[in-house]
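Quick note: residue numbers are just sequence positions, from 1.
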Amino acid sequence: AGKGEAWLIAFTNELRKLLPRPYIISHAPQAPYFMGPPRYPGGGYVKVDKETHGAVDYYNVQFYNQGDSKYSSYATLFVHSDGTFNHSA
């Protein structure tokens with residue numbers, strides 16, 4: 001566990017060295033990857049965000065193809081999502 005996070009952190013930090021601002025770096029993870037442990041023991045995007053120290057300019061979070069989780073209203077998108085990934089709002 002955690003190999004994906006380590007690779008993405010190293011890649012992003014090196015990319016930021018090669019592409020300093022004003023170049024923009026974005027990532028497009030699915031919302032559940034921000035749930036962190038215990039769902040993602042390696043930390044998921046919680047760890048990636050913390051250990052890239054602001055190298056990612058913005059996240060274009062994907063809120064589709066999430067099984068039975070629905071992001072169909074303000075409440076389920078920002079307050080409390082429902083379904084399988086109910087802690088990803």
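- Side-chain contact check for Glu5 versus Tyr45: every heavy-atom pair is 4.5 Å or farther apart.
- The closest side-chain heavy-atom distance from Ile25 to Arg16 is below 4.5 Å.
- A distance-only check finds a donor-acceptor pair linking the side chain of Gln62 to the backbone of Ala28 [under 3.5 Å].
- Counting only distance, with no hydrogens or angles, the side chain of Thr76 and the backbone of Ser73 share a donor-acceptor pair below 3.5 Å.
- Side chain to side chain, Ser88 and Ser81 meet the donor-acceptor criterion of an N or O pair below 3.5 Å.
- Scanning all heavy atoms of the two residues, the minimum distance from Pro32 to Tyr40 falls at O-CE1, 3.1 Å.
- Within a 6.0 Å radius of OH in Tyr33, no more than 12 heavy atoms belonging to other residues, nucleotides or ligands are found.
- Two residues are said to be in side-chain contact when any heavy atoms from C-beta on lie closer than 4.5 Å; Met35 and Val46 fail this criterion.
- Remark: Tyr64 pairs with no residue by the ring-ring contact (aromatic ring centres under 6.0 Å, His included) rule, at least two apart or across chains.
- With rounding to the nearest 0.5 Å, the separation of CZ in Phe34 from CZ in Phe85 is 14.5 Å.
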Audit row: Gln30, Val61, side chain to side chain contact (heavy atoms under 4.5 Å, CB included) steps and yes/no: CA-CA 6 Å; Gln30 293 178 325; Val61 180; over 6 Å; no
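- Residue Ile24 is found in a hydrophobic cluster whose other members, listed by chain and number, are Tyr58; membership requires side-chain heavy atoms under 4.5 Å apart, directly or through intermediates.
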For residues 48-55, run the donor-acceptor check on the side chains, cut-off 3.5 Å, and write out each pair with its distance to 0.1 Å, sequence neighbours left out.
residue : atom : partner : partner atom : Å
Asp49   : OD1  : Tyr59   : OH           : 3.0
Thr52   : OG1  : Val48   : O            : 2.8
Thr52   : OG1  : Asp49   : O            : 3.4
His53   : ND1  : Lys50   : O            : 3.4
His53   : NE2  : Glu51   : O            : 3.4

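- Using cut-offs of 30° and 60° for the angle between ring planes, the Phe11 and Trp7 rings count as parallel.
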